[in-house]
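Data first, discussion second: the structure below is written as structure tokens.
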Amino acid sequence: MRQLTQTELEVWIDAAEAAARQLKEAITAEEIYVATGVATSSIPYEHLTKAFQIHEAVLLLCRAGYGSEAIALCRIMTEMFITLRWITNQDQSKRAEEFAFFVAKRKEYAAKTFLKYQLGSLIATDAVKYVENVYKQYADKYTSWKFWSNKPNNLKELAKEKEVLIPGLVAPDDDAEMQYELFIAMRQIMCT
Amino acid sequence: MTALALDEVFPTTGVPYTAKETKNPRFVFEAIVYATHWLFYIMIRVDAYRQLGLDTKIDAVVKEFAKMFATL
């Protein structure tokens with residue numbers, strides 16, 4: 001592919017911005033009320049909000065000419081898509097709740113790390129006590145603090161699950177595994 | 001960060017080091033396309049799962065953006 005000029009790249013950035021704006025307007029017009037304390041309601045929308053923000057951040061970097069750095073940021077989008085696809089694919093309530101509860105595991109991890117490096121600190125000790133009182137019941141459900149799902153416990157495995165929610169979707173939409181592999185290959189070649 | 005990403009900023013030998021900016025327009029293009037591609041996918045997923053009925057609107061936005069590829 002030929003090298004695009006700065007002016008051409010600006011046109012692409014404008015088009016991407018316009019696309020995001022139109023999508024935002026479309027969903028805002030629906031006047032959706034996210035249900036309180038219902039993970040199946042909140043999880044998809046929090047992913048979507050973050051996707052809009054990352055997209056905007058990528059375009060900001062692109063405007064400044066930082067393409068390689070912007071591609072690194074795109075990785076989050078890939079991970080979010082694979083995660084969201086798996087959560088919404090089947091057994092949605094359980095998966096969405098697991099995702100939400102994993103925050104407890106991360107809080108526990110953060111408090112314990114704080115204590116590890118602040119040995120003897122009353123604040124750190126209290127932080128661990130607080131987190132354990134409030135979140136232990138949820139944190140205990142996880143074997144690892146690194147990944148939110150116990151089984152499967154990595155993105156590649158999540159991506160391998162056959163498409164159920166949108167069975168009529170044609171490739172590559174119905175093949176998250178392929179998308180994952182493709183993105184990893186792209187990263188190997190280009191950056192991050 | 002892989003070695004290949006660092007290769008982009010390999011310092012010039014034989015001259016004093018400076019943290020010189022290196023920008024590659026090709027990566028800018030790739031980032032725009034990938035980020036927008038994933039945004040579409042996430043939007044489609046949320047729409048399908050929450051049964052919002054936005055598929056026609058999303059489709060129109062995707063097609064509009066796809067027209068850009070004809071300019072390459």
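Chain letters run A, B, ... following the sequence lines, proteins first, then strands; residues in each count from 1.
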Check your understanding: Checking salt bridge (Lys or Arg N to Asp or Glu O under 4.0 Å) for the pair A/E163/B/R45: CA distance, chi angles, key distance, verdict?
Key -> CA-CA 11 Å; A/E163 179 60 47; B/R45 199 75 198 175; 2.9 Å; yes
**Study point:** CD/A/E56: more than 12 non-hydrogen atoms of other groups inside 6.0 Å
**Key:** no
Exercise for review: Count the heavy atoms of every other residue, nucleotide or ligand shown that sit under 6.0 Å from CZ of B/F10, and state whether that count exceeds 12.
Suggested key: no
**Study point:** Side-chain H-bond candidate by donor/acceptor type, A/H47 with A/T83, under 3.5 Å
**Key:** no
Exercise for review: Examine whether an atom of B/T22 lies under 4.5 Å from a heavy atom of chain A, and if so say whether it belongs to the side chain, the backbone or both; otherwise answer neither.
Suggested key: neither
Check your understanding: Quick one: what part of B/V62 sits under 4.5 Å from any heavy atom of chain A, side chain, backbone, both or neither?
Key -> neither
Exercise for review: Could you have a look at A/A15, A/A70, A/A29 and say which one has the most heavy-atom pairs with chain B under 4.5 angstrom?
Suggested key: A/A15
Practice item. Pick one of side chain, backbone, both or neither for A/L23, based on which atoms fall under 4.5 Å of a heavy atom in chain B. Key: both
Point to revise | Under 3.5 Å: donor-acceptor pair, side chain of A/N153, backbone of A/F147 | key: no
Check your understanding: Is chain B contacted by the side chain of A/I32, its backbone, both, or neither, given a heavy-atom distance below 4.5 Å?
Key -> side chain
**Study point:** Among the listed options B/T36, B/N24, B/I42, B/V33, the residue most often paired with chain A at heavy-atom distances under 4.5 Å
**Key:** B/I42
Check your understanding: Where does B/L54 contact chain A at under 4.5 Å (heavy atoms): side chain, backbone, both or neither?
Key -> side chain
Check your understanding: In terms of heavy-atom pairs under 4.5 Å with chain B, which of A/I87, A/I43, A/T40 leads?
Key -> A/T40
Practice item. Would you check if the side chain of B/K23 reaches a backbone N or O of A/A64 as a donor-acceptor pair within less than 3.5 Å? Key: yes
**Study point:** Note, B/V61 side chain near B/M43 side chain (heavy atom, < 4.5 Å)
**Key:** no
Exercise for review: Would you mind telling me which of A/L84, A/L9, A/V58, A/T5 has the largest number of heavy-atom pairs within less than 4.5 Å of chain B?
Suggested key: A/L9
Check your understanding: CG of A/L59 to CG of B/L39: how many Å apart, nearest 0.5 Å?
Key -> 9.0 Å
Check your understanding: Between A/A20, A/G65, A/A51, which shows the greatest number of heavy-atom pairs under 4.5 Å with chain B?
Key -> A/G65
Review point. For chain B, which residues of residues 95-115 of chain A have at least one non-hydrogen atom nearer than 4.5 Å to it?
Key: none
Practice item. For this output row, return yes or no: ring centroids of A/W86 and A/F81 closer than 6.0 angstrom. Key: no
Check your understanding: Within a radius of less than 6.0 Å around NZ of A/K94, do more than 12 heavy atoms belonging to other residues, nucleotides or ligands occur?
Key -> no
Review point. If you draw a 6.0 Å radius around NZ in A/K50, do more than 12 non-hydrogen atoms from other residues or ligands fall strictly inside?
Key: no
